[in-house]
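Have a look at the structure below before the remarks.
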Amino acid sequence: MPPLKAQPPIDAPVTAGFLGPDRNWHLSAGAVTAVTVIAFAIWSFGHAGAGVSPPLLLLAIAFGLFMAFNIGGNDVANSFGTSVGAGTLTMKQALMVAAVFEVSGAVLAGSSVTETVRSGIVDIDSMHVDPQSFVYIMMSALLGAAVWLLLATKMGWPVSTTHAIIGGIVGAAVTTGLVTGTGGPEMVQWGEIGQIAISWILSPLLGGIVAFLLFGAIKRHILAPAARAIALGSHGFDDAEDDDEDDDDEEDEERRHVPASERVSELQQAAFAESAALDLTPGGPGAELAAQAAGLSKKKRKAARKIERKAAYHALEKRVPPLAAGAAVVIAAMLVFKGLKNVGLDLSLGGGILLLIMVGIAVWMAVTVFARALKKQSISRATFIMFSWMQVFTASAFAFSHGANDIANAVGPFAAVLDVLSTGEISEEAAVPTAVLAAFGIALISGLWFVGRKVIATVGSGLTSMHPSSGFAAELAAAAVVMLASVLGLPVSSTHILIGAVLGVGIVNRAANWKLMKPIALAWVITLPAAASIGAVVVLVLRAIF
């Protein structure tokens, strides 16, 4: 029995009619974005004071929101690619989840104070730069990074927004130093650039290894029994339907010639496709079992299927809960130490460990009860539902953490610009008002909806086929590696880690698309120089105009 490769459809833009069938969604998202831009512009002028240059402030607002928009189109889309590609969330559901958790993460746990990037990858202090030049550098970095992100997003390439903004700052700062005679390439800390280069290899490698090991274990110990139970069903039917099989030989013979994929519901088809791809591949135990089942009598086949069904439900009840508990601990740790730390949640090591233990036990018990309730469902449906719910939680946690952390790539430079325009001097730190976090959070969601589909398609189906269990494994592996890297201080990129995790899943299923990975890897390498080049041009234009 050949493996089915049915992929849950990723919502694609439809051109039929005015704005297509999603016209109301487009108009609503556009209206919210427009109102946000106008309201934020009015607030910014009131916050900056009367002495600010209106054209310069308007450009800064446009560049900052444009950067946040493109972070949403690339980085947020990358985060939700596995969920949408697996069919766990539709594009609209992903938009709603992102709207709640991304904006909540930005507003509740986004940095209330950000450094003005005066030193780090490039030493701006050594230039003794004046406040106006500093504003030009930050604005140019925002636009340089945003333009490159938009180009990469249009091509469907998930790239690092952090590397993009770093590139923009490097290009604008070095160009300013050369023009003013206050610095040059020696300002760049090339050791930091070397760490970024290391991350191109280290990040996807770590993500791929963890995902390969994790998904391989899920496949062997949880999905394989379900696949065998389905393989023993008659004519590709799921086990629950097979119990009501008609004994009429003529009807049975007629149904033999109908493809199995046409005789199951959409939900069961997705689950069967997953099981087939995992365990019915040629030479695999599932394929061998399916061949043997074809020669069994109905009575013997049902007896064998009964054993496999029992094993499958046992795996759901006994093996999934500890897996879910472990995932909850990793996600809770990511939220506490990479998200909620920004709201002043200062837990001791013992208090943090106790909190994580409580979360793990609570999730273990809840998932056990849920698994027992699913015994009334067919095994394919039960497996699909179980991993779908688990993936929803991982996607939501990722969205919150992303809103709390990566929005700083847009908020940081803009807050620095706003602070300089308001005070007329460069501060060591710049306060980030809640209005900035909220407006930039909404811009993230707008970018996800309007330009994020190609990146979602790349991550969700282009690199390998995604299903709830494999999507869950990729997201959990990425979260674990991000946390581990944070603890060890390794130079990694969360975007690159997730792409590596997706490829790790593809390797397990022997279905990784290495051809598509080549342009993505090239995009990673040229992200920093591309953003730097654009930033350099923009800073020259700004200095010429103002």
Side-chain angles (χ1 to χ4, degrees), residues 6-14 19-33 69 71-106 153 156 158 265-271 273-274 324 327 331 335 370 381-403 406 441-462 465-476 478-479 498 502:
Q7 297 177 1
I10 295 177
D11 296 0
V14 181
L19 297 179
D22 292 334
R23 178 183 59 186
N24 292 338
W25 283 81
H26 290 315
L27 292 176
S28 298
V32 170
T33 303
F69 178 88
I71 290 176
N74 197 286
D75 217 6
V76 178
N78 175 53
S79 299
F80 279 94
T82 52
S83 301
V84 177
T88 301
L89 297 173
T90 65
M91 185 66 191
K92 293 168 186 166
Q93 289 170 336
L95 179 72
M96 299 308 295
V97 171
V100 173
F101 288 92
E102 288 277 351
V103 176
S104 297
T153 300
S265 68
E266 181 180 353
L267 183 62
Q268 291 167 336
Q269 180 176 341
E274 179 168 14
I331 291 172
L335 292 180
F370 185 42
R381 183 179 176 86
T383 304
F384 186 92
I385 291 175
M386 177 69 77
F387 280 101
S388 293
W389 275 107
M390 290 165 63
Q391 192 180 18
V392 166
F393 285 110
T394 55
S396 300
F398 253 108
F400 184 89
S401 179
H402 184 274
D406 289 1
I442 293 173
L444 286 180
I445 310 309
S446 179
L448 170 65
W449 176 255
F450 285 112
V451 298
R453 285 174 171 80
K454 285 191 176 181
V455 172
I456 284 179
T458 297
V459 178
S461 60
S465 296
M466 275 290 157
H467 302 281
S469 59
S470 52
F472 165 78
E475 290 176 0
L476 178 57
L498 184 58
V502 170

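Just so it is clear, the values below take in all heavy atoms, side chains as well, and ignore hydrogens, waters and symmetry mates. Since the model is a prediction, treat every value here as computed from it, not as a measurement.
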Quick one: CE on Met96 to CE on Met91, what's the gap to the nearest 0.5 Å? 12.5 Å

Which value, rounded to the nearest 0.5 Å, describes the distance between Ser470 atom OG and Gln391 atom CD? 7.5 Å

Looking just at side-chain N and O atoms, do Gln93 and Thr88 make a donor-acceptor pair shorter than 3.5 Å? no

Atom CG in Leu95, atom CZ in Phe80: separation rounded to 0.5 Å? 9.0 Å

Within a radius of less than 6.0 Å around CH2 of Trp389, do more than 12 heavy atoms belonging to other residues, nucleotides or ligands occur? no

Quick check for you: to the nearest 0.5 Å, what is the distance between Leu476 atom CG and Ile331 atom CD1? 6.5 Å

For Val455, which of Asn74, Leu448, Val76 qualifies under side chain to side chain contact (heavy atoms under 4.5 Å, CB included)? Asn74

Closest non-hydrogen atom pair between Asp22 and Lys92, with its separation: OD1-NZ, 2.8 Å

Student check: side-chain heavy atoms of Thr153 and Lys454 closer than 4.5 Å: no

Is the backbone of Asp75 close enough, under 3.5 Å, to the side chain of Ser79 for a donor and an acceptor to pair up by distance? yes

Count the heavy atoms of every other residue, nucleotide or ligand shown that sit under 6.0 Å from CZ of Phe393, and state whether that count exceeds 12. no

So Ser28 and His26, side-chain contact (heavy atoms from CB on, under 4.5 Å) or not? Walk me through it. CA-CA 6 Å; Ser28 298; His26 290 315; over 6 Å; no

So, taking the atom named CZ in Phe472 and the one named CE in Met466, what distance separates them when rounded to the nearest 0.5 Å? 13.0 Å

Who passes side-chain hydrogen bond (donor to acceptor under 3.5 Å, both in side chains) against Thr33, sequence neighbours left out? Ser446

Return the CG to CZ distance between Leu444 and Phe69, rounded to the nearest 0.5 Å. 10.5 Å

